[in-house]
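Just so it is clear, the structure is predicted and the values come from calculations on it, not from any experiment.
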Amino acid sequence: MNLQRIPYKSMDLVQTEEVQTPGGQTFRIPKLYYPVTTRENFRRMNEGDHPFWCPTSLTDFRYVTAEQLLTEAEAGFTHQAIQENGEPSKMLYLDMGPGPIQMQEVFSRIPGAPELSAKAFAEMLCAKLDKILAFTPVDLVLYRDDWAEAANAADRGENILELPEAEAADLFFRHVQSKGIPVTFRCKCLTEQMVDQVVKLRPDYLQLTGDLRYFFDYRDRFGDFLGMDVVLDGQTEKEAADRMRYAVEQFAYKGRMMVTIGLVSEEGLWGGLQEVHNYSQEAYQDPETFGKNLEKILKGHSHHHDH
């Protein structure tokens with residue numbers, strides 16, 4: 001199975017559609033081939049049941065913040081109205097907003113702002129999610145907190161699982177999962193020694209930012225239970241496509257992989273979306289041939305890997 005890649009410079013010669021990135025920019029992307037519905041494919045990917053392609057936050061989901069949804073609810077929007085105004089075929093990817101560490105940094109700059117413990121903040125997020133679920137179904141939740149202080153603690157040999165932000169994350173993950181919703185965890189400042197502890201918190205997906213070679217062996221170490229949420233970024237068509245091709249080779253073949261759209265140009269989005277969508281379909285639909293090629297590919301990568 002070989003799907004055609006349309007060069008960015010040939011955009012005007014093919015069918016396109018407009019999409020809006022989380023940053024509010026409107027970009028044109030090529031019409032992609034979907035052999036099943038996005039919802040059915042996400043179920044397959046999430047359950048490890050022979051998906052057709054790697055889902056992305058832009059094409060398979062409506063990516064929205066918790067605050068935006070609550071604003072819509074307070075404005076009188078109904079779930080049906082949201083579906084009619086949006087795209088009914090898309091699932092809902094809910095970004096809960098900044099986590100305890102980031103919010104404490106914000107509060108510290110506001111005179112008289114209350115000091116909240118990480119656990120209290122997580123409890124507030126749980127209540128916020130419950131309020132949203134009373135208004136509309138949610139298919140995927142993003143929890144993000146940049147653990148700079150935790151990283152410093154880990155470097156001193158402390159157990160990150162005993163830190164307040166880890167307790168808060170664990171509380172929130174269990175609450176989300178009790179609703180039957182998978183959760184993806186975006187956490188910057190993870191040191192290598194922290195990762196083994198972080199995965200014990202058992203989010204459904206770990207969002208991978210930065211240099212993907214850092215996560216080279218995650219597929220083999222954690223692929224049986226932890227999904228990989230790769231960030232698509234890049235300014236050129238080739239840069240983004242190469243990143244997505246590498247990601248599929250590393251994380252899609254074993255375990256679960258999805259893609260969240262990061263800081264990307266229209267050209268980068270054009271190249272990256274096509275590559276992750278088409279290359280993952282080629283891999284999933286012809287796993288025997290892909291597996292043989294993958295052995296050669298990974299041997300080549302290992303020579304340049306310095307984990």
Side-chain angles (χ1 to χ4, degrees), residues 1-11 14 16-17 19 21-23 25 27-35 38 41-42 44-46 51-61 63 93 140 142 184 186 205-219 223 227-287 289-291 293-294 296-298 300-301 304-305:
M1 179 183 188
N2 290 296
L3 297 173
Q4 186 179 14
R5 276 68 158 175
I6 308 300
Y8 179 66
K9 63 184 180 182
S10 301
M11 174 192 291
V14 297
T16 63
E17 61 177 308
V19 292
T21 67
Q25 296 169 295
F27 288 157
R28 288 171 66 191
I29 63 170
K31 282 282 189 181
L32 301 172
Y33 170 64
Y34 297 96
T38 55
N41 184 67
F42 180 68
R44 286 170 172 259
M45 186 277 299
N46 192 47
F52 285 86
W53 69 88
C54 294
T56 85
S57 64
L58 193 65
T59 55
D60 298 62
F61 291 89
Y63 181 97
Y93 185 179
L140 178 67
L142 174 65
T184 185
R186 177 188 185 274
Y205 299 89
L206 183 64
Q207 190 172 104
L208 312 183
T209 61
D211 188 346
L212 293 180
R213 290 175 297 178
Y214 179 82
F215 308 101
F216 184 82
D217 61 349
Y218 283 17
R219 179 197 62 186
M228 305 302 172
D229 178 5
V230 179
V231 174
L232 191 169
D233 52 24
Q235 297 305 301
T236 69
E237 185 174 10
K238 184 180 186 306
E239 181 184 19
D242 286 349
R243 179 179 174 85
M244 290 298 96
R245 193 173 185 86
Y246 182 89
V248 170
E249 292 164 0
Q250 294 300 316
F251 310 119
Y253 188 58
K254 176 185 177 183
R256 310 188 313 281
M257 174 182 152
M258 59 172 288
V259 176
T260 295
I261 307 304
L263 295 174
V264 64
S265 67
E266 183 174 74
E267 178 184 337
L269 184 60
W270 182 277
L273 271 182
Q274 281 191 100
E275 196 59 35
V276 69
H277 190 80
N278 293 343
Y279 193 36
S280 61
Q281 282 198 66
E282 292 163 358
Y284 287 141
Q285 298 313 302
D286 191 3
T289 300
F290 185 76
N293 292 338
L294 187 62
K296 299 176 184 176
I297 292 167
L298 295 184
H301 286 166
H304 306 287
H305 176 58

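- Side chains of Y63 and I261 form no contact here, defined as non-hydrogen atoms less than 4.5 Å apart.
- No donor-acceptor pair closer than 3.5 Å links the side chain of S57 to the backbone N or O of T260.
- The distance from atom CE of M244 to atom CD of E249, rounded to the nearest 0.5 Å, is 11.5 Å.
- Among all heavy-atom pairs drawn from I29 and V19, the shortest one is CD1-CG1, 3.7 Å.
- Under the side chain to side chain donor-acceptor pair (under 3.5 Å) test applied with D229, the options R186, R256, Q207 reduce to a single match, Q207.
- Applying the side chain to side chain donor-acceptor pair (under 3.5 Å) test between Y8 and each of E267, E266, Q274 identifies E266 as the sole match.
- D233 pairs by the side chain to side chain donor-acceptor pair (under 3.5 Å) definition with R243, not counting sequence neighbours.
- Between L140 and F61 there is a side-chain heavy-atom pair separated by less than 4.5 Å.
- Of the possible donor and acceptor atoms, none in the side chain of Q25 sits under 3.5 Å from a partner among the backbone N and O of T21.
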message: Assess the residue pair Y93 and D60 against the criterion (side-chain contact (heavy atoms from CB on, under 4.5 Å)); give the C-alpha distance rounded to whole Å, side-chain angles, the decisive distance to 0.1 Å, and a yes or no.
response: CA-CA 9 Å; Y93 185 179; D60 298 62; over 6 Å; no
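- Checked against the 6.0 Å centroid threshold, W270 and F27 do not count as a close aromatic pair.
- At a threshold of 4.5 Å between non-hydrogen side-chain atoms, the residues E17 and L32 do not count as touching.
- The shortest heavy-atom contact between L212 and A247 is CD1-CB, 3.9 Å.
- Checked by atom type and distance alone, the side chain of T16 never pairs as donor or acceptor with a backbone atom of R28 at under 3.5 Å.
- Nearest approach of C54 to V276, heavy atoms of both residues: CB-CG2, 4.0 Å.
- Residues V14 and K31 are not in side-chain contact: their nearest non-hydrogen atoms beyond the backbone lie 4.5 Å or more apart.
- Looking at E282 and R5, a side-chain N of the basic residue comes within less than 4.0 Å of a carboxylate O on the acidic one, giving a salt bridge.
- Considering every non-hydrogen atom in both L263 and Q235, the closest pair reads O-NE2, 3.8 Å.
- Side-chain contact, Y205 with N46: a donor N or O sits under 3.5 Å from an acceptor N or O.
- Two rings, from H277 and Y33, have their centers 6.0 Å or more apart.
- The shortest heavy-atom contact between F215 and T209 is CE1-O, 3.3 Å.
- Between N41 and W53, the shortest heavy-atom contact is ND2-O, 2.9 Å.
- When ring centroids are compared, F52 and Y284 stay outside the 6.0 Å threshold.
- Rounding to the nearest 0.5 Å gives a distance of 6.0 Å between CD of Q250 and CZ of R219.
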